[in-house]
Amino acid sequence: MSDAVFRETAAEPRTQSVPLAHLSLELGHLYMEDFEAGPERLRAHFAEVGLWVAAARAAATARAGGKRARISTCFLIDDYFTRFSTPAEVVPMLLAEAERAGLTVDYLARESGCAVTGKVPVAQAVAGRIVESPPPGSYGLRPPAAQTGWLANGERSPVARAPQAMKRAAVWQPPRESAARRHSVFLDVELWNDDADGHRTWSCPFLAAVWQLARLGLLRNEGEAVLAPQPRTAAGFPDDWDELPTLLRLNDRADPFSAYRTCSVLPNRFLPVEHAVRVILDQIEVDPGALLQVAERSGRERTPVPDSVADRVSYVFYAGP
């Protein structure tokens, strides 16, 4: 008697694979005011970044066992919260100042692409994968993140309520971090807010978490890779941000955009945002097919990666202007 099981190929879930570098090195993530300050602000930023790039490359090479490490660089421009100037004016200035500091930007991304890319509601798809970690002893008094748009890394302080007859009012309790070491560092992160017309604005930490998933090669929509790099054309840069690809490959010889690990060199004002990113990543159910692909390929290359997605992310924070 045969134990064979037959399935239609079309019924099998398919997860598209993406090429992977060893390290995705982010050279910056700046806002409108940084570009409005002119080339001098960019020059100061890249001068700081340049001090740390060699160290990041050396660490990646050491993790690769001394072999040549595949390292790609990227830069994220905020065109989501505020539209300013044009790509034709901003991008050449950005690339010129990076080159002045001896740096090459391999990939340029628009932050709005972390919200929607083409017809794909990227941020909404990631939000649908949030699996909150209930802290010990919690009783579900707080509505889920899908309703509130808030996500915490532990147990919030209980909401004060008027005492019922013959009962005492509940005493105040401090919030508690789920993974606290002796003392708590509690964080409650706003993921989005909706205006009176129902229009949703995603928060900077949530879009930054989507950005990290893309850089780690773990972002999928119905199995298809999202934020695929598009080649640079000879026509130059457009006058409208919407005409610029959400992820542009500037260097034809660059290593892959996505990588086993990421490192971002940022001004220290980003530290609270990136703390929030870790809280979010710790509570995202990442596409299992994408996780398996990374695990198998890193195993074949003898380049182990942490089980925790958040632990694949690293930073260098410098004192900004």
Side-chain angles (χ1 to χ4, degrees), residues 16-30 45-46 49-50 52-64 67-78 94-95 98 103-111 113-114 117 122 126 205 207-220 225-232 245-266 270 273-274 277-278 280-281 284 286-287 290-291 293-295 297-298 301 303-318:
Q16 182 182 1
S17 63
V18 297
L20 292 168
H22 290 94
L23 179 69
S24 166
L25 180 57
E26 185 176 11
L27 303 180
H29 175 176
L30 300 180
H45 168 75
F46 284 122
V49 171
W52 299 101
V53 166
R57 290 182 177 275
T61 299
R63 283 194 297 266
K67 299 179 294 184
R68 175 192 174 275
R70 301 186 301 276
I71 302 172
S72 63
T73 62
C74 59
F75 195 99
L76 185 66
I77 292 180
D78 171 27
L94 170 71
L95 300 181
L103 302 171
T104 299
V105 180
D106 294 327
Y107 298 93
L108 182 73
R110 295 192 293 118
E111 191 165 16
C114 295
T117 296
V122 184
V126 174
L207 293 180
V210 175
W211 172 236
Q212 289 289 355
L213 290 174
R215 292 172 62 199
L216 289 169
L218 299 174
L219 193 60
R220 299 292 188 279
V226 183
L227 287 183
Q230 302 299 313
R232 178 179 180 177
T246 54
L247 180 60
L248 186 64
R249 181 190 292 111
L250 298 172
N251 179 8
D252 292 336
R253 302 175 61 184
D255 285 319
F257 165 70
S258 297
Y260 296 132
R261 296 172 183 260
T262 71
C263 179
S264 299
V265 186
L266 302 169
F270 282 89
V273 171
E274 299 304 331
V277 168
R278 291 186 60 88
I280 296 168
L281 291 178
I284 295 290
V286 178
D287 185 289
L291 282 173
Q293 288 174 352
V294 171
R297 290 165 65 180
S298 63
E301 290 198 75
T303 306
V305 295
D307 292 333
S308 165
V309 171
D311 287 343
R312 303 178 191 186
V313 177
S314 63
Y315 302 95
V316 172
F317 293 105
Y318 70 86

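Taking Arg249 as the reference, nothing meets the salt bridge (charged side-chain N to carboxylate O under 4.0 Å, His left out) condition, with sequence neighbours excluded. Contacts of Arg70 classified as salt bridge (charged side-chain N to carboxylate O under 4.0 Å, His left out), with partners at least two apart in sequence or in another chain: Glu301. The side chain to side chain donor-acceptor pair (under 3.5 Å) test applied to Asp255 returns Arg68, not counting sequence neighbours. Residues forming a ring-ring contact (aromatic ring centres under 6.0 Å, His included) with Phe270 (at least two apart in sequence, or on another chain): His29, Tyr31. A search for ring-ring contact (aromatic ring centres under 6.0 Å, His included) contacts involving Tyr107 returns Phe257, not counting sequence neighbours. The side chain to side chain donor-acceptor pair (under 3.5 Å) check on Thr262 picks up Gln212, with sequence neighbours excluded.
Once rounded to the nearest 0.5 Å, the distance linking OG1 of Thr73 with CG of Leu27 reads 4.5 Å. Between the CG atom of Leu247 and the CG atom of Leu250 there is a distance of 9.0 Å, given to the nearest 0.5 Å. Atom CZ of Arg63 and atom OG of Ser298 lie 12.5 Å apart (nearest 0.5 Å). Interatomic distance, CZ of Arg215 versus CG of Leu23, reported as 8.0 Å (0.5 Å rounding). Here Asp311 contributes atom CG and Leu281 contributes atom CG; the two are 10.0 Å apart, rounded to the nearest 0.5 Å. Taking CZ of Arg57 as the reference point, atom CD1 of Ile71 lies at 5.0 Å (rounded to 0.5 Å).
Annotation: side chain of Phe75 is not in contact with side chain of Val49 (no heavy-atom distance under 4.5 Å). Side-chain contact between Ile284 and Val309 is absent, with no heavy-atom pair separated by less than 4.5 Å. At least one side-chain heavy atom of Tyr318 sits less than 4.5 Å from a side-chain heavy atom of His45. Residues Thr246 and Arg110 have side chains in contact (heavy-atom distance under 4.5 Å, counting atoms from C-beta outward). For the pair Pro256 and Leu20, the minimum side-chain heavy-atom distance is 4.5 Å or more. Arg232 has its side chain out of reach of Pro245: every pair of non-hydrogen atoms, C-beta onward, lies at least 4.5 Å apart. At a threshold of 4.5 Å between non-hydrogen side-chain atoms, the residues Leu216 and Val294 do not count as touching. Using a 4.5 Å heavy-atom threshold, the side chains of Val18 and Arg220 count as touching.
A perpendicular orientation is assigned to the rings of His22 and Tyr260, their planes being inclined by more than 60° (bins at 30° and 60°).
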Exercise for the section: Please test Leu94 against Ile77 for side-chain contact (heavy atoms from CB on, under 4.5 Å), starting from the C-alpha separation and ending with a verdict. Expected result: CA-CA 10 Å; Leu94 170 71; Ile77 292 180; 4.2 Å; yes
Problem - Step-by-step side-chain contact (heavy atoms from CB on, under 4.5 Å) determination, Val277 to Val313 - result: CA-CA 10 Å; Val277 168; Val313 177; 5.7 Å; no
Problem - Audit row: Asn251, Thr104, side-chain contact (heavy atoms from CB on, under 4.5 Å) steps and yes/no - result: CA-CA 8 Å; Asn251 179 8; Thr104 299; 4.2 Å; yes
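No donor-acceptor contact under 3.5 angstrom links the side chains of Ser17 and Arg297, judged on distance only.
Residues Arg253 and Asp106 are not paired through a salt bridge, judged by the lack of any N-O separation under 4.0 Å between the basic side chain and the carboxylate.
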